[in-house]
Amino acid sequence: MTVTGAWRVGDPPGRRQFVTRPGAFALEAGGVLPELTIAYETWGTLDSDASNAVLVEHALTGDSHAAGPRVPGHPSAGWWDGLIGPGKALDTGEFFVVVPNVLGGCQGSTGPSSDLDGKPWGSRFPVVTVRDQVASEALLADALGIDRWAAVVGGSMGGMRALEWAVTLPERVASVLVLASTARASAEQIAWAAPQLHAIRSDPHFHGGDYYSAPAGPHAGLGIARRIAHVTYRSEPELAQRFGRAYQGDEDPLRGGRFAVESYLDHHADKLAGRFDANSYLVLTESMNTHDVGRDRGGVAAALGRVTARSVIGGVDSDRLYPLYQSAEIAAGIPGAPEPSVVSSPYGHDSFLIETGQIAALVKALLG
Ligand SMILES: CC(=O)SCCNC(=O)CCNC(=O)[C@H](O)C(C)(C)COP(=O)(O)OP(=O)(O)OC[C@H]1O[C@@H](n2cnc3c(N)ncnc32)[C@H](O)[C@@H]1OP(=O)(O)O
Ligand SMILES: N[C@@H](CCO)C(=O)O
């Protein structure tokens, strides 16, 4: 792979670069990408022996901008800015932090909105699995000269990739932190995803996935998907305590107005529809559905038994989407892994993004 371009916004640490590998990239489910591009950002400096590199894996709607301030063209400050930087848990004075945009995403890496033969892939984009995503990141590591990560770290969908790295390429992962994630998607997780997938595909503006040149995209469907998902990202007690039965401002639900919690979901729906590609949402959601480290490896226990990385597995006590038993299953299966660490928070699944102090302690435990 070669560095094909650099896009720099302001001073570091806001920097996105690209590597492109020409030639066929074969996918687990049988599809082929004629060319692969991975966008990524880095912070810190790679040691001369490339022994200080940390791979940080983002979740479903995240991207490479994990640290630093908001930069033009990006919706927010770094999603783990509290963890990555000088003197922080992922100390960029010590570590070289690499954050790729996931394969199938929409922030620079090859995905459904990328170009194929002069127009976006759209409906032609093939099925991509978490294993494909890890294989693409292994090519990025090769391009950067990193044989072995000091750590691979991620939450939720990022935790799936972190774990898959440790299972697929154990010799390349010295330590791994898997947060609020699972060794395989459960029936419940696939079930929550099902109405989200239907909402997007049922939008009259979806056009089977080939909407890029249409006047409008499937924003309503994507917004509905986000509303459903966002409820699962938070906890019932939090919603009750925070919103209760309050009305939104002077709106009255008896007269067509909204409850405050409905307005809150509307806000998150609108924000996502404004920044994310619906086809990527589908591709990545289905990659989570098919995630199973045990596939074709004799089951989950056999797969986890391959891990040699020092491991910290964390879950959130109020996470209703990735319940703690899933973290316990991972920890029990990895040779030598301690009991799962429990993040205590009212915020549910999203705690891996919010509870920076507790996550920092887990990162420090991992890196010693
Ligand atoms: C690794 C990755 O996933 S990277 C991507 C980061 N994730 C996302 O962006 C996902 C969407 N967002 C979230 O999941 C969460 O907002 C987090 C995790 C990023 C942050 O959580 P919190 O700090 O608890 O934010 P919270 O969920 O309360 O949302 C706050 C927003 O809701 C808005 N809000 C709160 N109440 C209401 C209401 N009644 N009506 C309308 N909007 C409301 C706030 O104004 C605020 O808006 P802003 O984000 O545009 O400033
Ligand atoms: N809020 C996170 C949750 C998914 O784990 C995201 O959008 O990526």
Side-chain angles (χ1 to χ4, degrees), residues 41 55-68 70 74-84 90 99-102 104-107 130 153-162 177-182 185 189 192-193 196 222-223 225-235 237-239 241-251 253 257-277 280-281 284-285 287-289 291 314-316 318-323 326 343 345-357 359:
E41 290 180 57
L55 177 65
V56 173
E57 303 274 40
H58 68 74
L60 173 62
T61 68
D63 56 39
S64 65
H65 196 56
R70 183 180 175 277
H74 196 275
S76 61
W79 51 268
W80 253 6
D81 190 48
L83 287 172
I84 302 170
L90 282 168
V99 189
N101 179 222
V102 70
C106 54
Q107 293 294 331
V130 171
V153 176
S156 193
M157 191 184 87
M160 294 179 184
R161 298 204 297 296
L177 173 59
V178 180
L179 294 167
S181 195
T182 183
Q189 286 152 351
W192 278 118
Q196 300 177 39
L222 179 57
R226 185 60 153 187
R227 287 178 181 85
I228 297 165
H230 197 80
V231 177
T232 71
Y233 298 157
R234 313 298 288 214
S235 76
E238 184 211 358
L239 296 181
Q241 194 273 332
R242 187 171 169 187
F243 298 104
R245 297 186 48 77
Y247 298 173
Q248 178 63 22
D250 57 6
E251 296 185 36
R258 297 172 300 172
F259 287 95
V261 69
E262 294 179 294
S263 167
Y264 170 69
L265 294 179
D266 289 346
H267 178 77
H268 278 290
D270 291 346
K271 272 187 87 169
L272 189 76
R275 73 173 177 86
F276 209 79
D277 178 43
S280 278
Y281 196 94
L284 298 180
T285 298
S287 74
M288 291 193 289
N289 281 349
H291 169 64
V316 181
S318 58
D319 189 339
R320 54 177 157 188
L321 186 58
Y322 290 79
Q326 296 184 322
V343 172
S345 171
Y347 298 119
H349 180 62
D350 264 350
S351 300
F352 78 93
L353 297 166
I354 298 170
E355 296 287 0
T356 312
I359 304 300

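It should be emphasised that the depicted structure is a prediction, and the values quoted were computed from it without experimental measurement. Every number for a ligand or one of its atoms is a count from 1 in the order of the listing.
Counting atoms of ligand 2 from 1 in the listed order, those under 4.0 Å from a heavy atom of S156 are 4 (C), 5 (O). Of all the atoms in ligand 1, the ones that sit under 4.0 Å from a non-hydrogen atom of R226 are 8 (C), 9 (O), 10 (C), 11 (C). Of all the atoms in ligand 1, the ones that sit under 4.0 Å from a non-hydrogen atom of K271 are 48 (P), 49 (O), 50 (O). Close approach of ligand 2 to A59 is summarised as follows: ligand atoms under 4.0 Å from at least one heavy atom of the residue are 5 (O), 8 (O).
Using a 4.0 Å cut-off between heavy atoms, E262 makes no contact with ligand 1 at all. If you look at W79 next to ligand 1, the close heavy atoms, those under 4.0 Å, all belong to the side chain. Here H58 has no heavy atoms under 4.0 Å from ligand 2, in either its backbone or its side chain. Contact annotation for H268 and ligand 2: no heavy atom of the residue comes within less than 4.0 Å of the ligand. If you look at R275 next to ligand 1, the close heavy atoms, those under 4.0 Å, all belong to the side chain. Using a 4.0 Å cut-off between heavy atoms, I354 contacts ligand 1 through its side chain alone, with no backbone atom that close.
A parallel orientation is assigned to the rings of H349 and Y322, their planes being inclined by less than 30° (bins at 30° and 60°).
Atom 28 (O) of ligand 1 lies below 4.0 Å from at least one non-hydrogen atom of the protein. In this structure, atom 18 (C) of ligand 1 has a protein heavy-atom contact shorter than 4.0 Å.
In terms of polar-atom proximity, defined here as any N/O pair under 3.5 Å, S263 does make such a contact with ligand 1. Remark: ligand 2 and L353 share no N or O pair separated by less than 3.5 Å (distance only, no angle test). Remark: ligand 2 and Y233 share no N or O pair separated by less than 3.5 Å (distance only, no angle test).
Atom 7 (O) of ligand 2 has T61 OG1, 2.5 Å as its closest protein atom, hydrogens excluded (heavy atom only). Protein heavy atom nearest atom 42 (N) of ligand 1, with residue, atom name and distance: H267 CB, 3.4 Å. The shortest contact between atom 26 (P) of ligand 1 and any protein heavy atom is with Y264 OH, 3.5 Å. Atom 24 (O) of ligand 1 has its closest protein heavy atom at R234 NH2, 2.7 Å. Remark: minimum distance from atom 1 (N) of ligand 2 to any protein heavy atom is reached at D350 OD1, 3.1 Å.
We find the CD1-CD distance between I84 and E41 to be 10.0 Å, quoted to the nearest 0.5 Å.
Considering only heavy atoms from C-beta on, Q189 stays 4.5 Å or farther from N289 through its side chain.
Cation-pi check for R242 over Y264 is met; the charged atom lies under 6.0 angstrom from the ring centroid and within 45 degrees of its normal.
Counted by atom type alone, R275 and T61 present one or more donor-acceptor pairs between their side chains at under 3.5 Å. Between the side chains of S345 and S351, at least one donor N or O lies within less than 3.5 Å of an accepting N or O.
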